[in-house]
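Working notes for the structure below.
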Amino acid sequence: MTHRDDPQQSDFIREIIDNDLQTGKHGNRVATRFPPEPNGYLHIGHAKSVCLNFGIASQYKGTCNLRMDDTDPAGESLEFVESIQNDIRWLGFDWDDRLFFASDYFEKIYQFAVTLIRSGKAYVCSLSADEIRQYRGTLTEPGKNSPYRDRSVEENLDLFARMRAGEFADGAHVLRAKIDMASPNVTMRDPVIYRIKRSPHYRTGDDWIIYPMYDFAHCLSDSVENITHSICTLEFENNRPLYDWFVNELIEGHRPQQIEFARLNLSYTMLSKRRLIELVEGHHVSGWDDPRMPTVAGMRRRGYTPEAIRDFCARIGVAKKDNLVDIALLEHCVRDDLGERAPRAMAVLRPLRVVIDNYPDDKTEEVECANHPQKPDMGTRKVPFSREIYIESDDFMEDPPKKYKRLGPGREVRLRNCYIIKFASMVKDEATGRITEIHCTFDPETKNAPPPDGRKVDGVIHWVSVRHALSAQVRLYDRLFKTADPAGSEDDFTSLLNPDSLETVYPCYVEAGLAAAKPEDRYQFERLGYFCADMKDTAPGKPVFNRIVSLRDSWAKMTGEAGRK
RNA sequence: UGGGGUGUCGUCAAGCGGUAAGACACAGGCCUUUGGAGCCUGCAUUCGGAGGUUCGAAUCCUCCCGCCCCAGCCA
């Protein structure tokens, strides 16, 4: 029934591993790694990879390392290292003491480069970046050998040592692997493996002014850590021959195996790190943890649960086909999880005052409300009721269509967990014609009970007692982008942003008991959706709620209102 | 016009020569003190296309077509 953390899960990668385990290919071990570059926050696409790598490790009783792939100091920082760890832990995964940094391997990687030079398989190239590009050729034409390709081992060794020592300007020389400038695979055309870059590294400071490139550092880091299955995304498939080339040249004994899968694309959002950085730096959102962001931090702040995210990652599967997963599936997973666990409460977002004319002005009574109608073990709570209440303004219509089941002239409606009330009259603002107040009468024999005369009252609406209500700010979030596939659009992505992705509503009136809401507490506001007390802006007794996701709304569907309120 | 991938329902995705799983979405219906939840039903005679092999093909072969990735001293 539920897919949640299904241990039976399988996909083509697990099939490869099953096979490797049978043939003893990697000594019957399974060791994976999750290797983010700490230059941004993790997003739902990374979550897919986290679930895959850590999931496989636990399924096969292996290990999964967390490794910061920090070989380019530009943009990397400790803030990101910390956020990455927080997010993975929050998602529910653990790397024990296996937190590693490619930057810790810099000396080792340097020595590997020296070995490569000694064996005549690498050389210092003194072409400019521009010239290197020209010499590389094109997709259809082979490249040409660099004039520096045949420098002697001694000269290369000397030059490379002096690159490290800081004798040359940035860009003056690079170290290149000597492979094949005519290879149809451009990655193999003497790839650059070291560059001079005078940029302080957030961990190694100015210890190094030369840094290894991804292709060189990654496969060697995997080897150093004895990784068996190095799982990465499809765009690295072209790099696999290079991965294997380095590993075959430099590693004896066990060699890791790279396997590629299709990265996640999600509708109505964007998952490229570059785009997310632009959203943050361009102040289109409030930060990496803006609840509209597809980042783990954003989803957490929005109120998504780690269980729902893991369930989602399990349901989308793992394959090699480019995909665009419907965000409705993620929302389904969130509802599915929260529907089970979130206690119910009543909250009125757009208040309309209702006076119960035949109810004593000085009286208050408490009605018993189930915290979860299907789960008695979640208990009940008492909610105060009095003569004046707020109801949702769209739960009243002056001239309702036939199928409308809520309040209107001459109609009766059930107040959730309370009495049946009947419309008596309404008060309008003379200037605007707007309805400012409704008057009703209540049936004293119907308190949380069916009417004794057996009459049918179909509609049920939520309410909050005016005198007891707690006012709160509520933030209604909607999709960040207007179009399903903004990443696939040619247009400037900022023009595709949904201008209505955030609506702040105040004052909303919520049950008095919600004063006790703590940051990150989640509730279902009945008939509205799931809401989470904002982790940053909620103060004691003064909750601020984020709408996590609305409830499915078949009335809105009938009327074509797209489910937004 | 080079190389590497990939094409199964609107969207994901099983299928591994024996006659198209499942999920989301969608559409009906039941039920209901959340128009919620739940439950039931429907939803690919067909697997990018065309040929071929076979008693039998989404699965094997051939050709064609579409889409994605690669020409950073990014990862």
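Every heavy atom of this structure was used, including side-chain atoms; hydrogens, water molecules and symmetry mates were not. Residue numbering restarts at 1 for every chain, and letters A, B, ... go by the order of the sequence lines.
- For B:C68, the base has no donor-acceptor partner in the side chain of A:Glu237 [N/O atoms by modelled type, under 3.5 angstrom].
- The separation of B:U1 from B:C9, taken at their P atoms, amounts to 28 Å, rounded to a whole angstrom.
- Glycosidic conformation of B:G72: syn, with the torsion inside 90° of 0.
- Residue contacts for A:Ala319: at a heavy-atom cut-off of 4.0 Å it reaches the sugar-phosphate backbone alone, with no base atom in range.
- At a threshold of 4.0 angstrom between heavy atoms, the contacts of A:Ile316 are confined to the sugar-phosphate backbone, with no base atom among them.
- Within the nucleic acid shown, A:Gln134 has no heavy atom closer than 4.0 Å to any nucleic acid atom.
- The shortest distance between the side-chain N/O atoms of A:His462 and the OP1/OP2 oxygens of B:U34 is not below 4.0 Å.
- Ring orientation note: the planes of A:Tyr194 and A:Phe216 are nearly perpendicular, at an angle over 60° on the 30°/60° scale.
- Looking at A:Asp170 and A:Lys197, no side-chain N of the basic residue comes within less than 4.0 Å of a carboxylate O on the acidic one, giving no salt bridge.
- In this view, A:Arg416 and A:Met346, A:Pro373, A:Val460, A:Trp463, A:Glu526 satisfy the side chain to side chain contact (heavy atoms under 4.5 Å, CB included) rule, not counting sequence neighbours.
- Note on A:Lys273: nothing from the nucleic acid sits closer than 4.0 angstrom, heavy atoms only.
- Nucleotides B:G4 and B:C16 are separated by 27 Å at their P atoms, to the nearest Å.
- At a cut-off of 3.5 angstrom, counting only N and O atoms as typed in the model, there is no donor on one side facing an acceptor on the other between the side-chain of A:Asp322 and the base of B:G5.
- When the side-chain nitrogen and oxygen atoms of A:Arg14 are compared with OP1 and OP2 of B:A14, none of them lie within a distance under 4.0 Å.
- Phosphate contact (OP1/OP2 of B:A75, side-chain N/O of A:Arg274, threshold under 4.0 Å): absent.
- Among the heavy atoms of the strands, none lies under 4.0 Å from A:Tyr194.
- For B:A13, one of the phosphate oxygens OP1 or OP2 lies less than 4.0 angstrom from a side-chain nitrogen or oxygen of A:Lys321.
- Within the nucleic acid shown, A:Thr71 comes within 4.0 Å of sugar-phosphate atoms alone, with no base atom in reach, counting heavy atoms only.
- Below the 3.5 angstrom threshold, one finds no donor paired with an acceptor across the side chain of A:Glu235 and the base of B:G4.
- To the nearest angstrom, P of B:C12 lies 11 Å from CG of A:Leu264.
- Contact annotation for A:Glu331: no contact, since no heavy-atom pair falls under 4.0 Å across all strands.
- Across all strands shown, A:Met346 has no heavy atoms under 4.0 Å from either base or sugar-phosphate atoms.
- Taking 4.0 angstrom as the limit, A:Arg341 places none of its side-chain polar atoms (N or O) nearer than this to OP1 or OP2 of B:A37.
- Under 4.0 angstrom from either OP1 or OP2 of B:C74 there lies at least one side-chain N or O belonging to A:Lys197.
- Residue-level contact check: A:Pro373 touches the bases, meaning some heavy atom is under 4.0 Å from a base atom.
- With both ends at atom P, the span from B:A14 to B:U8 equals 11 Å, rounded to whole Å.
- The side-chain hydrogen bond (donor to acceptor under 3.5 Å, both in side chains) with A:Ser230 is formed by just one residue from the set A:Arg33, A:Glu225, A:Gln257; it is A:Arg33.
- Using a 4.0 Å heavy-atom cutoff across all strands shown, A:Asn323 reaches sugar-phosphate atoms only and no base atom.
- Looking at heavy-atom distances under 4.0 Å, A:Gly339 makes no contact with the nucleic acid at all.
- Under the 4.5 Å side-chain criterion, counting only non-hydrogen atoms from C-beta, A:Leu352 is not in contact with A:Asp395.
- Here A:Leu127 lies in heavy-atom contact (under 4.0 Å) with a base.
- Across all strands, A:Tyr211 comes closer than 4.0 Å to no nucleic acid atom at all (heavy-atom distances).
- The partner of B:A50 is B:U62, by the rule that a Watson-Crick or G-U pair needs both atom distances under 3.5 Å.
- Residues forming a side chain to side chain contact (heavy atoms under 4.5 Å, CB included) with A:Asp377 (at least two apart in sequence, or on another chain): A:Lys375.
- Contact record, A:Ile196 with A:Ala169: CD1-O, 3.6 Å, taken as the closest heavy-atom pair.
- Using a 4.0 Å heavy-atom cutoff across all strands shown, A:Arg240 reaches no nucleic acid atom at all.
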